[in-house]
Amino acid sequence: MSTFNQPLGGNDMARFGGPATMMRLPTQVGAKGLDVAFIGIPMDHGTSNRSGTRMGPRQIRDESRMLRPYNMATGAAPFEHLQVADIGDVPINTFDLKKTVDIITEYYDGVLADGAIPLTLGGDHTLTWPILRAMKKKHGPVALIHVDAHADINDTMFGEKVAHGCPFRRAWEDGCLQNDKVFQIGLRGTGYSPDDFDWGRKNGWTVVQAEACWHKSLSPLMAEIRAKIGDTPCYLSYDIDSLDPAFAPGTGTVEPGGLTIWQGLEIVRGAAGLNLVGGDLVEVSPPYDPSGNTALIGANLLYEMLCVLPGVPQGAAR
């Protein structure tokens with residue numbers, strides 16, 4: 001009998017029943033005693049176009065009911081090696097974005113103090129900056145793999161420095177990142193000037209635009225990234241709009257010409273072996289995909305993040 005929490009199986013309870021938690025896992029207050037904590041941040045007051053990501057964590061959890069504990073592709077069995085639970089949502093201030101970022105940092109300070117690795121269900125991308133502030137306190141400046149259609153390095157939006165288009169500019173200003181170990185993958189679309197993507201390059205970041213990913217496997221790219229990051233503590237931030245809207249229309253700022261689902265899987269699976277200290281899946285906006293497919297993909301990518309965390313052996317693909 002396993003001493004680790006297990007997802008509620010489909011043969012024990014119909015998939016449309018059971019607890020509304022990530023993978024129908026047990027829930028608890030706080031992260032004490034956990035190796036990994038799934039956490040929701042239901043916010044969208046940092047969005048600049050279509051709102052709705054405040055409902056993202058709820059729908060991701062709902063669609064995660066189809067997930068099973070064993071990864072048939074990689075051989076990973078995370079629930080045999082890690083104690084995992086869903087610890088609910090951060091109690092954000094839905095009327096004050098600036099207060100919310102401080103609430104998030106304080107909350108993640110506690111999660112990290114308990115020794116758990118946070119995997120976050122978003123929520124708009126503003127949330128990654130306050131998480132990275134907490135990461136810096138625990139681990140020092142971290143490496144970053146940022147998968148997105150947008151660079152999110154704006155200095156301001158409508159004169160405001162806190163928004164979902166600014167988190168990585170703020171994290172850079174706060175010294176949260178190791179600049180030679182920052183990788184942005186999938187950037188594309190229209191912009192205001194070349195600096196929209198080149199600002200990161202000027203600061204030593206590696207920017208891989210979507211066009212460089214078309215019609216190819218991203219496994220070789222991930223091998224290069226692993227070699228460059230080494231054993232540095234690494235954070236993985238995955239914006240669902242990195243995927244082409246043909247796959248993931250349920251997001252606020254869609255851009256055509258994006259990554260495929262299989263490329264997304266290659267990126268996350270390619271993070272196996274890194275010293276991952278946390279990850280997030282953001283910008284799922286349920287009102288724009290009533291089918292739930294966008295949230296279903298998000299749930300699967302979060303599960304894949306769980307499968308590549310330190311302490312989870314990888315088996316041979318079959």
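Keep in mind that the numbers below use all heavy atoms, side chains included, and drop hydrogens, waters and symmetry copies.
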List the steps, then state whether side-chain contact (heavy atoms from CB on, under 4.5 Å) holds for T21 with F38.
CA-CA 9 Å; T21 59; F38 284 111; over 6 Å; no
Between R61 and D86, does at least one N-O distance fall below 4.0 Å, as a salt bridge requires?
yes
How far apart are the C-alpha atoms of D195 and S193, what are their side-chain angles, what is the distance that settles it, and do they pass the side-chain hydrogen bond (donor to acceptor under 3.5 Å, both in side chains) test?
CA-CA 5 Å; D195 210 41; S193 75; 5.4 Å; no
Between H146 and F183, is the ring centre distance below 6.0 Å?
no
Backbone N/O of C213 and side chain of Q263: donor-acceptor pair under 3.5 Å:
yes
Is the backbone of G9 close enough, under 3.5 Å, to the side chain of R24 for a donor and an acceptor to pair up by distance?
yes
Applying side-chain contact (heavy atoms from CB on, under 4.5 Å), run through E63 and R65 and close with a yes or a no.
CA-CA 5 Å; E63 296 300 336; R65 68 188 185 273; 4.0 Å; yes
Centre-to-centre under 6.0 Å for H45 and F95, is that the case here?
no
Is the NZ or CZ atom of R201 both under 6.0 Å from the centre of the six-membered ring of W199 and within 45° of that ring's axis?
no
So do S48 and F158 actually touch side chain to side chain, heavy atoms under 4.5 Å?
no
Are side-chain heavy atoms of I131 and L127 found at a separation under 4.5 Å?
yes
Inspect the surroundings of CD in E173 and state if more than 12 heavy atoms from other residues, nucleotides or ligands are less than 6.0 Å away.
yes
Are more than 12 heavy atoms from other residues, nucleotides or ligands located less than 6.0 Å from atom NZ of K98?
no
Answer yes or no: are there more than 12 heavy-atom neighbours, outside R58 itself, under 6.0 Å from its atom CZ?
no
Any side-chain heavy-atom pair of V308 and L276 under 4.5 Å:
yes
Full working for side-chain hydrogen bond (donor to acceptor under 3.5 Å, both in side chains) between Q184 and D152
CA-CA 10 Å; Q184 296 186 305; D152 292 352; over 6 Å; no
Can you list the steps and then say if E211 with R188 is a salt bridge (charged side-chain N to carboxylate O under 4.0 Å, His left out)?
CA-CA 7 Å; E211 290 81 3; R188 62 187 187 277; over 6 Å; no
K99, NZ: over 12 other non-hydrogen atoms inside 6.0 angstrom:
no
Pairwise side-chain contact, W205 with W172, heavy-atom cut-off 4.5 Å (strictly under)
yes
Side-chain donor-acceptor contact under 3.5 Å, H125 with S237
yes
How are the rings of F79 and Y303 set to each other: parallel, tilted or perpendicular (split at 30° and 60°)?
parallel
Does NZ or CZ of R50 fall inside the cone over Y288's six-membered ring, less than 6.0 Å from its centre and within 45° of the axis?
yes
Decide yes or no on side-chain contact (heavy atoms from CB on, under 4.5 Å) for L25 and V84, but give the supporting numbers first.
CA-CA 8 Å; L25 282 161; V84 188; 3.9 Å; yes
D241 side-chain N/O to A149 backbone N/O, donor-acceptor pair under 3.5 Å:
yes
Rounded to the nearest 0.5 Å, how far does CD1 of I39 lie from CD1 of I104?
10.5 Å
For R170, which of D155, T128, T126, N154 qualifies under side chain to side chain donor-acceptor pair (under 3.5 Å)?
D155
Which of D148, T251, V147, I60 passes side chain to side chain contact (heavy atoms under 4.5 Å, CB included) with I240? It is T251
Rounded to the nearest 0.5 Å, what separates atom CD1 in I229 from atom CD in E224?
12.0 Å
